[in-house]
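Here is the structure we will look at, set down as structure tokens.
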Amino acid sequence: MKKYIYSAVAALTLAMGFMSCGDDFLDTKYYKGVDAEGSITNAELATTALTGVYSNLYTRYFAGNYATSIGDIPTDLAYWNTKTGHWDGIYQYSFQTTDTYLSYIWEYGYKIVDNAARVIDAATDLYEDATDDDKEVLDVDIAEAYALRAYANLILVNVFGHQVKVNGTDYSSQPGVVISEKPIPAFSQVERSTVGQVYDFIVSDLNKSIEHFNAAGGDRGDANYFTVASVKGLQARVNLYLENWAVAASKAQEAIDEAGAPALAYTASAYKALYNGGASNTESIFYLDINANQNWSANSCGTLWTTYSFSPSPKLLSLYADTDVRTSIMDFDNTSTETVPVYAGGKFSHYSSGNPAYATNYLVNVPEMYLIIAESKLKSGDAGAARTALLNVAKRNTAITSVDDLPQTDSELYAFIKDERARELFQEGLRLYDLRRWGGTAQVVAYNAPSVAFRYANYDISKLVFPIPEDEINAGFGVAQTEGWEGNLPE
């Protein structure tokens, strides 16, 4: 498979071209105000346009910060020391329909969704008359565009819609988000589909992504772009949320195999070395190309988890045994105190430079796949297979060396898997959706460090649905607000 990579400069230039003018539901331009439909005239331009879609994914307004951080900040794993006002509304559940973070997640999610649709349409139109070499390029472009659209829609529906399944109860009929299968013309009237319809659309896009990778004979072989392994990883995550246990386990194993079953880190030094930056995390199968030369500086995740007041909660810290190698990144700044903790970055530490702003976001990772297999196998009644998969991650605690060291009853094993997802996936933006899909009550808004204390200890977080941004509602293009969203906040 030929490898073709466009420079960061091109990516950032295209990102500027995707900015919305704010006068229609979705931006219809892809570069310098030129309509995408009339501008993608060959395979090279299709790839260039796709680079612009990646830029919108990469930005701090979406996966580069906001769409990732929202999965951790309002949960039991985060602690706010009150010294800055960043994310405090989300953390304390005092957000309104004008919340900036929610507005940007919505806006940039739809930039990705709509412009990915334009790449798919244009590349498909070019395909019949293309050379064999160009067909290979176009198939990869289309495969990645489907994956980008699926990823963005998964974020959008999980943030602005109800969790699709909550401990066996189906909420697929609840209002979701707007589906954009084809590019939506400017000024069009639109409406929200159901959560279930959006999930069906996501599943379909991921299946089509794999079909086009297969047609191309592979992917780029670069984890900064969607690959077969990372798309299968997304398939596993989506099916976990859908409680399709057998499919989730199968896709997770396929993702691991496609990635070459990379060895996991089981020593403190090896684990810490995963977070030197970029490709240093050999366990990651899809990550953003954030580095010393291109990063979001003060707006980075690394800054959020250091000088912008957020750190692991006392509850999370209490879940790690002293023998757990993951404690090697649980460092605090020299200005930190027990009552006003200042974190050193954790997974965003960027140990090679010591500057957390340079740290990348690892979005789809092999350890998550093992945890998906473990949970899915347990829910399917195969506790033995669940322990076998779980051991791959759980033995980061060096006191755990065999399946015999794992809980032996189903209820205790499930509780352990939930805690293991907290220990392993912290700062990967998945905790909120875990808490919602598991049901029951949750603890949110930690305070009074170093004590394990929460302002709300019995919150039914499965009911949480973030509001559609006010600007979108007021624009008059047909998007309706979620009724009663305020009544589902903790009291």
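Below, each value reflects all heavy atoms present in this structure, side chains not excepted, and no hydrogens, waters or symmetry copies. For this chain, numbers begin at 1 and follow the sequence in order. Treat the numbers as computed from the prediction; the structure is a model and nothing was measured.
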With side chain to side chain contact (heavy atoms under 4.5 Å, CB included) as the criterion, how do Tyr146 and Val119 come out once you've worked through the C-alpha distance, each side chain's angles and the decisive distance to 0.1 Å?
CA-CA 9 Å; Tyr146 275 124; Val119 171; over 6 Å; no
Under the ring pair (Phe, Tyr, Trp, His ring centres under 6.0 Å) rule, collect the residues that match up with Tyr271, sequence neighbours excluded.
Tyr275
CD of Gln189: more than 12 outside heavy atoms within 6.0 angstrom?
yes
Contact between Lys347 and Tyr362 at the side-chain level, heavy atoms closer than 4.5 Å - yes or no?
no
Sequence neighbours left out, what passes side-chain contact (heavy atoms from CB on, under 4.5 Å) with Val203? Give chain and number order.
Asn207, Val238, Leu242
Taking only residues two or more places apart in sequence or in another chain, which ones pass side-chain hydrogen bond (donor to acceptor under 3.5 Å, both in side chains) with Thr306?
none
Say whether Ser230 and Thr227, considering side chains only, have a donor N or O and an acceptor N or O under 3.5 Å apart.
yes
Across all chains, not counting sequence neighbours, the side-chain contact (heavy atoms from CB on, under 4.5 Å) partners of Glu420 are Arg326, Leu371, Leu390, Val393, Ala394, Phe416, Arg423
Say you draw a straight line from CZ of Arg60 to OH of Tyr66; how long is it, rounded to the nearest 0.5 Å?
5.0 Å
Residue pair Asn295 / Asn355, side-chain heavy-atom distance below 4.5 Å:
no
Once side-chain contact (heavy atoms from CB on, under 4.5 Å) is applied, do any residues pair with Thr68, and if so which ones, sequence neighbours excluded?
Ala63, Asn361, Leu363
Going through the distances and angles, do Leu432 and Ile461 end up as a side chain to side chain contact (heavy atoms under 4.5 Å, CB included)?
CA-CA 8 Å; Leu432 177 60; Ile461 199 169; 3.7 Å; yes
Partners meeting ring pair (Phe, Tyr, Trp, His ring centres under 6.0 Å) with Tyr351 (sequence neighbours left out):
none
Suppose we screen for side-chain hydrogen bond (donor to acceptor under 3.5 Å, both in side chains). Which residues come up paired with Tyr54, at least two apart in sequence or across chains?
Glu144
Any ion pair linking Glu243 and Arg437 (charged N to carboxylate O, less than 4.0 Å)?
no
Contacts of Tyr308 meeting ring pair (Phe, Tyr, Trp, His ring centres under 6.0 Å) (sequence neighbours excluded), chain-then-number -> His86
Ring center gap for Tyr58 and Trp296 short of 6.0 angstrom
yes
Applying side-chain contact (heavy atoms from CB on, under 4.5 Å) between Leu288 and each of Asn65, Thr59, Thr360, Asn224, report the one that passes.
Thr360
Residue pair Ser376, Leu240: steps toward the side chain to side chain contact (heavy atoms under 4.5 Å, CB included) verdict:
CA-CA 7 Å; Ser376 298; Leu240 179 76; 3.9 Å; yes
Going by atom types alone, do Asp133 and Thr131 pair a side-chain donor with an acceptor below 3.5 Å?
no
Sequence neighbours excluded, the answer for ring pair (Phe, Tyr, Trp, His ring centres under 6.0 Å) partners of Phe286 is Phe226
Below 4.0 angstrom, N of the basic side chain to O of the carboxylate: do Glu283 and Arg396 qualify?
yes
Going by side-chain hydrogen bond (donor to acceptor under 3.5 Å, both in side chains), name the residues that satisfy it together with Lys418, two or more places apart in sequence or in a different chain.
none
Side-chain donor-acceptor pairs of residues 152-162 under 3.5 Å, sequence neighbours excluded:
| unit_1 | atom_1 | unit_2 | atom_2 | d |
| --- | --- | --- | --- | --- |
| Asn153 | ND2 | Arg149 | O | 3.3 |
| Asn158 | OD1 | Tyr199 | OH | 2.8 |
| His162 | NE2 | Ser462 | O | 3.3 |

Verdict with supporting geometry, Tyr108 and Tyr61, ring-ring contact (aromatic ring centres under 6.0 Å, His included):
CA-CA 7 Å; Tyr108 277 80; Tyr61 300 124; 4.9 Å; yes
Decide ring-ring contact (aromatic ring centres under 6.0 Å, His included) for Tyr91 and Phe310; before the verdict, give the C-alpha distance in whole Å, the side-chain angles of both, and the deciding distance to 0.1 Å.
CA-CA 10 Å; Tyr91 179 77; Phe310 283 93; 5.6 Å; yes
A side-chain contact here means heavy atoms from C-beta on lying under 4.5 Å apart; do Leu304 and Ile73 qualify?
yes
With the threshold set at 4.0 Å, does a side-chain nitrogen-carboxylate oxygen contact exist between Lys232 and Glu258?
no
With no hydrogens and no angle check, just 3.5 Å: does a side-chain donor-acceptor pair link Tyr127 and Asp139?
yes
Test of understanding: with side-chain contact (heavy atoms from CB on, under 4.5 Å), list the residues that count as partners of Ser309, not counting sequence neighbours.
Trp80, Asn81, Lys83, Thr84
